[in-house]
Amino acid sequence: MAGEYNGSSKASESVFKIPPIKFTKLFINGNFVDSVSGKTFEAIDPRTGEAITRVSEGDKEDIDLAVKAARQAFDHGPWPRMSGSERGRIMMKFADLIEENVEELAALDAINGGKLFSHCKAMDIPGAARNLRYYAGAADKIHGTVLKLSEGFQGYTLREPIGVVGSIIPWNFPTIMFFMKAGPALAAGCTMVVKPAEQTPLSALYYAHLAKLAGLPDGVLNVVNGFGETAGAAISSHMDIDKVTFTGSTEVGRKIMTAAAASNLKPTDKKQFQKILSYIEHGKREGATLLTGGKRLGSKGFYIEPTIFTDVKEDMTIAKEEIFGPVMSLMKFKTMEEAIKRANNTTYGLAAGVITKNLNVANTVSRSIRAGIIWLNCYTAFDVDCPYGGYKMSGFGREFGLDALNQYLQIKSIVTPIHDSPWH
C-alpha cells in the first residue's frame, strides 16, 4: 500500500509518502512466516480508522515456535557466547541501518501509531539508534566483583545473561519501547520473543528485518504479532521463558504477573478512545468543572480535544486512575506539605514535575514524592543514561542506564577455599 499523506497544515509537519508495507508476517528464527493458523488481522490507521494492511495473527502455537527458536539460540547458539565487543559491533551495525531507514520507519509509526511523522523522524527513530549504541558500548563492560571472604575463603561473582526474554510492547511508543527492552537484553547476551501491541506491529517487523541484515544470528530476535489475551498470555505463562518484560496498563500488568507466577516464577485503540471519553463523563458526573474540551475532535479517526477539569477532589475517578489521554485535572494547594501529601495520595508513582525557583523547595519536594523520576523545572526530559521506572503500582525495575542492563543479567557467586592464607 502506498500513497501520500499531508501530515497537517502546520509548517513543522512535512508531507511524506506512505511507504509500501513490506513486512506483515511473523518473524521466527530468522525468517518471515505465516502464522500456524493462517489468521490475519487489520493494522489500523488511527488518523482515519481505516485499515492500512493485514498482518499475521500469532497465537500460542506461534509463541511456542518462537520460544523454541530463542531457546535454541540461547542454549546452543553463538550470541551469548560471543565476546561483548562482537555483540556490540553487530548492535552498532543495527543502529546504522535504523538511521539509514529513518524516513520509512518514521512513516510506519506515523500511520500505524497516529504519531507525528516529524517527531518520529527527529526523536523516536534516532532515539532507538542512540539506545542501541549506548548498550552496544556497554556490552564488553559487564564485570563481576572479587570478594574477600572470611574463614579462609575467597570468591568472585559472574554476571551472566538471564536467558530467553519475553517482551510485550505498548502501542504509545512502539519504537522507543521496543529498544528500551531490546537494547540492554541483546547487550547482555539474551535472546528475545517480542510481541508488539496489536495496534502497532508494523515498525517492529521492520526492525526484525534490519536485525537480520545487521548480523544477529537466527533465533536471537523473534517478533510475533498478536493479541494480549492469546499471544501475550502465551508469553506470560511459557515455562521456557526466563524473564517477561512489559510496559502498559496496571490491569494487564496484573494478568501478566499472575500468569508468570503460575508458570515458573519469572520476573515480570478505538478502545482507548472510548475509555478516555468515559473518564471525561466520570469527571462531569462526579462534580468536577469542565473548563475546556471534553469532546471528540473531527468525524473520523480517534481524536479527542485537549481537556482540562477544575474543582477536582482527591476521591474523584479522574484524580485516582490512569487516564492515558489528553485530560488534565487541576487541584489547588496552599502549602508545600499539602502538595506533597496530594502527590503521594495515589496508587501510582511513575513521574512527577516540580516548578520552583526555591532550591530548598526543589530539594524537599523531590525527596518526598514517591515517584521514580522527578523533573525539576522541566518535564519529560529523557536520556538513555538516566534510569526510568516507577514506584508502587507504576511497576518495578528500571529502563535506560546501566540499571536496565543489570535486569537482564544473573549474578552467580563462586567460592573457593584458600588454605594457609596469611590474610584473614
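It should be emphasised that the depicted structure is a prediction, and the values quoted were computed from it without experimental measurement.
- Here Thr175 contributes atom OG1 and Ile169 contributes atom CD1; the two are 10.0 Å apart, rounded to the nearest 0.5 Å.
- Taking each heavy atom of Ala107 and Pro19 in turn, the nearest pair found is CB-CD, 3.5 Å.
- Around atom NZ of Lys412, no more than 12 heavy atoms belonging to other residues, nucleotides or ligands sit under 6.0 Å away.
- In this structure, CG in Leu405 is found 9.5 Å from CD in Gln407, a value given to the nearest 0.5 Å.
- The two residues Met331 and Lys313 have their closest heavy-atom pair at CE-C, 4.1 Å.
- Here Lys93 pairs with Leu97, Ala214 under the side-chain contact (heavy atoms from CB on, under 4.5 Å) rule; sequence neighbours left out.
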Item checked: Trace of the side chain to side chain contact (heavy atoms under 4.5 Å, CB included) decision for Tyr408 with Lys181 -> CA-CA 9 Å; Tyr408 295 94; Lys181 317 295 186 184; 4.1 Å; yes

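- Annotation: side chain of Pro196 is in contact with side chain of Val223 (closest heavy-atom distance under 4.5 Å).
- Contact of the Arg159 side chain with the His143 side chain is not registered, since no non-hydrogen atoms from C-beta on lie closer than 4.5 Å.
- Checking side-chain atoms of Trp79 against main-chain N and O of Pro217 turns up no donor-acceptor pair under 3.5 Å.
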Quick one: side chains of residues 352-363, donor-acceptor pairs under 3.5 Å with protein atoms, not counting sequence neighbours, listed by atom name and distance.
unit_1 : atom_1 : unit_2 : atom_2 : d
Thr356 : OG1    : Asn358 : N      : 3.0
Asn358 : OD1    : Asn360 : N      : 2.8
Asn358 : OD1    : Val361 : N      : 3.1
Asn363 : ND2    : Leu359 : O      : 3.4

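- Nearest heavy-atom pair, Met92 versus Gly137, reported as atom, atom and distance to 0.1 Å: CE-N, 4.4 Å.
- Counted within 6.0 Å of OH on Tyr156, heavy atoms from surrounding residues, nucleotides or ligands total 12 or fewer; the atom is thus considered open.
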query: Can Ile98 and Asn131 be said to form a side chain to side chain contact (heavy atoms under 4.5 Å, CB included), step by step?
result: CA-CA 11 Å; Ile98 289 172; Asn131 184 292; over 6 Å; no

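- Counting only residues at least two apart or on different chains, the ring-ring contact (aromatic ring centres under 6.0 Å, His included) pairs with a member in residues 213-236 are Phe41-Phe227.
- Using a 4.5 Å cut-off on side-chain heavy atoms (C-beta onward), Val224 and Ser35 make no contact.
- Evaluation of the side-chain hydrogen bond (donor to acceptor under 3.5 Å, both in side chains) rule for Ser299 yields no partner, not counting sequence neighbours.
- Summarising the geometry, atom OG belonging to Ser203 is positioned 10.0 Å from atom CD1 belonging to Ile111; distances are rounded to the nearest 0.5 Å.
- Judged as a side-chain hydrogen bond (donor to acceptor under 3.5 Å, both in side chains), the pairs with a partner in residues 19-29 (not counting sequence neighbours) are, in order, Lys22-Glu104.
- The closest side-chain donor-acceptor pair between Tyr279 and Glu321 falls under 3.5 angstrom.
- Within the structure, side-chain hydrogen bond (donor to acceptor under 3.5 Å, both in side chains) pairs that include any residue of residues 55-66 comprise Lys60-Asp64, Asp64-His238 (at least two apart or interchain).
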Quiz prompt | Residue pair Leu186, Tyr135: steps toward the side chain to side chain contact (heavy atoms under 4.5 Å, CB included) verdict | solution = CA-CA 8 Å; Leu186 293 176; Tyr135 289 107; over 6 Å; no

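- Under the side-chain hydrogen bond (donor to acceptor under 3.5 Å, both in side chains) criterion, Thr289 pairs with Asp311, not counting sequence neighbours.
- Residues forming a side-chain hydrogen bond (donor to acceptor under 3.5 Å, both in side chains) with Glu229 (at least two apart in sequence, or on another chain): none.
- A search for salt bridge (charged side-chain N to carboxylate O under 4.0 Å, His left out) contacts involving Asp124 returns Lys115, not counting sequence neighbours.
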Quiz item: Run the salt bridge (charged side-chain N to carboxylate O under 4.0 Å, His left out) check on Asp242 and Arg71 step by step: do they pass?
Solution: CA-CA 10 Å; Asp242 301 298; Arg71 185 86 261 164; 2.9 Å; yes

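- In this structure, Pro174 and Asn112 have side chains that are not in contact, with every pair of non-hydrogen atoms separated by 4.5 Å or more.
- With sequence neighbours excluded, the residues satisfying ring-ring contact (aromatic ring centres under 6.0 Å, His included) with Phe32 are Phe23, Phe27.
- Residue pairs meeting the ring-ring contact (aromatic ring centres under 6.0 Å, His included) criterion with at least one member in residues 160-189, sequence neighbours excluded: Phe94-Phe179, Trp171-Phe324, Phe178-Tyr207, Phe179-Tyr207.
- Arg398 contributes no side-chain N or O that, together with a main-chain N or O of Asp403, makes up a donor-acceptor pair within less than 3.5 Å.
- Heavy-atom minimum distance, Thr347 versus Lys320: OG1-O, 4.5 Å.
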Begin from the C-alpha positions of Arg81 and Asp75 and carry the test salt bridge (charged side-chain N to carboxylate O under 4.0 Å, His left out) through to its verdict.
CA-CA 10 Å; Arg81 295 159 186 83; Asp75 290 346; 5.7 Å; no

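- Counted within 6.0 Å of CE on Met123, heavy atoms from surrounding residues, nucleotides or ligands total 12 or fewer; the atom is thus considered open.
- Annotation: Phe382, atom CZ; neighbour count of heavy atoms from other residues, nucleotides and ligands within 6.0 Å is above 12.
- The backbone N or O of Lys275 sits less than 3.5 Å from a side-chain atom of Ser278, completing a donor-acceptor pair.
- With hydrogens and angles disregarded, no donor-acceptor distance shorter than 3.5 Å links the side chain of Arg342 to the backbone of Glu314.
- Closest of all the heavy-atom pairs between Ala66 and Ile28 is CA-CG2, 3.8 Å.
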- Mind running side chain to side chain contact (heavy atoms under 4.5 Å, CB included) on Phe273 and Arg296 for me, showing each step along the way? CA-CA 9 Å; Phe273 169 80; Arg296 178 176 188 162; 3.6 Å; yes

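- Salt-bridge annotation for Arg89 and Asp140: absent, with no side-chain N of the basic residue lying under 4.0 Å from a carboxylate O of the acidic one.
- In this structure a side-chain-to-backbone donor-acceptor pair under 3.5 Å is missing from Lys300 to Thr48.
- Counting heavy atoms from C-beta on, the side chains of Ile304 and Leu277 come closer than 4.5 Å.
- The existence of a salt bridge linking Glu198 and Lys195 is confirmed by a sub-4.0 Å separation between a basic side-chain nitrogen and an acidic carboxylate oxygen.
- For Ile125 against Asp109, the heavy-atom pair with the smallest separation is CD1-OD2, 4.0 Å.
- Ion pairing of Asp45 with Arg47 is present here, as a side-chain N (NZ or NE/NH1/NH2) and a carboxylate O approach within less than 4.0 Å.
- By the neighbour-count criterion of 12 heavy atoms within 6.0 Å, atom CZ of Arg370 is sparsely surrounded, having that number or fewer from other residues, nucleotides or ligands.
- In this structure Glu337 satisfies the side-chain hydrogen bond (donor to acceptor under 3.5 Å, both in side chains) test with no other residue, sequence neighbours excluded.
- Considering CD1 of Ile308 and CG of Leu290, their distance stands at 9.5 Å, rounded to 0.5 Å.
- Distance check: Leu330 CG to Thr310 OG1 gives 7.0 Å after rounding to the nearest 0.5 Å.
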